[in-house]
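Labels below follow one simple rule: chain letters A, B, ... track the order of the sequence lines, proteins then strands, and each chain is numbered from 1.
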Protein chains: 2
Amino acid sequence: MAAHTHHAHGDPAAWTDHAARTLAEHGTRSGGARRAVVATLADQDCCASAQEIHERLRAAGRPVGIASVYRSLDLLHGLGLVTRVETGDGVARYEPALPGGEHHHHLVCVRCGGVEAFEDDALERAIHAVGDRVDFDVTAHDVALRGRCRACRAA
Amino acid sequence: MAAHTHHAHGDPAAWTDHAARTLAEHGTRSGGARRAVVATLADQDCCASAQEIHERLRAAGRPVGIASVYRSLDLLHGLGLVTRVETGDGVARYEPALPGGEHHHHLVCVRCGGVEAFEDDALERAIHAVGDRVDFDVTAHDVALRGRCRACRAA
DNA sequence: GCACATTCTGATAACTGTTCTCATTCCCAT
DNA sequence: ATGGGAATGAGAACAGTTATCAGAATGTGC
């Protein structure tokens, strides 16, 4: 899992602004801890767990209580500002959700636990078709493909 | 979540036999606890958590240590005899995996936590197409649609 | 059928990720 | 500036899962 400078979610600043606006509209106050969590989310390439965010903040010299990290993520998720991703190892991961609704899905390596993102229009269309067909008011979906990443395939 | 007599996985006895055979080939001994877990899995309509299986066994007058339930599920999963399903509430659920590879996906109600199953060929095709396109050795996949079930939509 | 090596089992302790509690701090409308 | 209420952080509490270990069950070779 190398660090990337590329952001799969578009301009980080755009999402940060969008998040700040939505939070303000919701009537929340702007505390330092949540602002730090939002900044960390905006700056990440793919999904991160609460503990990873907590650790990243501590490393950046802006320690935030773990409870505040969980609280912030919960609030952001409730407002639709982040997507919760389950990779199957029992930890919840989060990533910024763009207002437009564009999103990606994940490839999870069963060996190293690494996560990569992919997008696929045909897959989205198939999922929406299912949603229309079914007696269920579908509001979200997620897809995880499991297997071995390039590095782990060799090993 | 009403109990159904319909089995989404075909003939329960067929899977039970398949499981027994695979376990024997793998060189495991046949203890009572694991046999009871296999029987419970075979008899269920959709995915169940370890704790649900534990409870079901206790209710049926065949109590099994919770550790044995987890151990059995882990072994069965390792042999590809069960599928692990993540519904997003932090608990792992399991259901029999048929040898042919036929499988379904899940509709998760975000309100009551209920789970329903669905199948869709177009979705499967789209997923396989992604698997071929991507630099990842995909061996499994799962899809969860989230929303409100019929009952919770009204509430 | 019997003895034996091994595996399986179950009670319980330990761990991990997450949520709850509550006293304190901080934000911001007034 | 100040007062009321939300936000924060430390730590306790919790749930699901995994590890440990002594005793019971399995099945193989005789």
Decide side-chain contact (heavy atoms from CB on, under 4.5 Å) for A/L123 and B/L123; before the verdict, give the C-alpha distance in whole Å, the side-chain angles of both, and the deciding distance to 0.1 Å.
-> CA-CA 7 Å; A/L123 177 56; B/L123 177 57; 3.5 Å; yes

Between atom [atom1] in [X] and atom [atom2] in [N], what is the gap in whole Å?
{"X": "B/L75", "N": "D/dA19", "atom1": "CG", "atom2": "C1'", "result": "17 Å"}
{"X": "B/R58", "N": "C/dA11", "atom1": "CZ", "atom2": "C1'", "result": "15 Å"}
{"X": "B/R93", "N": "D/dG16", "atom1": "CZ", "atom2": "P", "result": "10 Å"}
{"X": "A/D74", "N": "D/dA6", "atom1": "CG", "atom2": "P", "result": "17 Å"}
{"X": "B/H26", "N": "C/dT7", "atom1": "NE2", "atom2": "P", "result": "12 Å"}
{"X": "B/L57", "N": "C/dT9", "atom1": "CG", "atom2": "P", "result": "12 Å"}

Would you mind building the protein contact string for nucleotides 24-30 of chain D? One character per nucleotide, 5' to 3', B for base within reach (heavy atoms under 4.0 Å), S for sugar-phosphate only, - for untouched.
-> -BBS---

Under a 4.0 Å heavy-atom criterion, the protein footprint on nucleotides 9-14 of chain D, written with B, S and -, is BBB---

Under a single-linkage definition using a 4.5 Å side-chain heavy-atom cutoff for Ile, Leu, Val, Met, Phe, Trp and Tyr, are A/V138 and B/V143 assigned to the same hydrophobic cluster?
->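 Yes, A/V138 and B/V143 fall within the same hydrophobic cluster.
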
Verdict with reasoning, A/D142 to B/R146, per salt bridge (charged side-chain N to carboxylate O under 4.0 Å, His left out) = CA-CA 8 Å; A/D142 58 271; B/R146 297 177 205 292; 2.9 Å; yes

Donor-acceptor pair, B/H54 side chain versus B/A50 backbone, under 3.5 Å?
->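 A pair under 3.5 Å: no.
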
Verify salt bridge (charged side-chain N to carboxylate O under 4.0 Å, His left out) between A/R93 and A/E86, making sure each step is shown before the conclusion.
-> CA-CA 6 Å; A/R93 286 155 192 285; A/E86 310 270 339; over 6 Å; no

Under 3.5 Å, is there a donor-acceptor pair between the [X] and [Y] side chains?
{"X": "A/H103", "Y": "A/E119", "result": "no"}
{"X": "B/Q44", "Y": "B/Y94", "result": "no"}
{"X": "B/H141", "Y": "A/H105", "result": "no"}
{"X": "A/R35", "Y": "A/S30", "result": "yes"}
{"X": "A/E95", "Y": "A/H106", "result": "yes"}

Could you check A/V37 against A/L57 for side-chain contact (heavy atoms from CB on, under 4.5 Å), going step by step and ending with a plain yes or no?
-> CA-CA 8 Å; A/V37 170; A/L57 285 165; 4.1 Å; yes

Name the pairs: protein N/O against N/O of nucleotides 15-17 of chain C, kept only if under 3.5 Å.
none

Does any pair with a residue in residues 53-62 of chain A pass salt bridge (charged side-chain N to carboxylate O under 4.0 Å, His left out), and if so which ones, sequence neighbours excluded?
->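 Passing the test, one end in residues 53-62 of chain A: A/E55-A/R58.
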
Residue pairs, two or more places apart or on separate chains, that pass salt bridge (charged side-chain N to carboxylate O under 4.0 Å, His left out) and touch residues 16-26 of chain A =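 Every candidate salt bridge (charged side-chain N to carboxylate O under 4.0 Å, His left out) pair involving residues 16-26 of chain A fails, so no pair, neighbours aside, qualifies.
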
For DNA chain D, the residues among residues 80-88 of chain A that have a non-hydrogen atom under 4.0 Å from it =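 Listed by number, there are none.
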
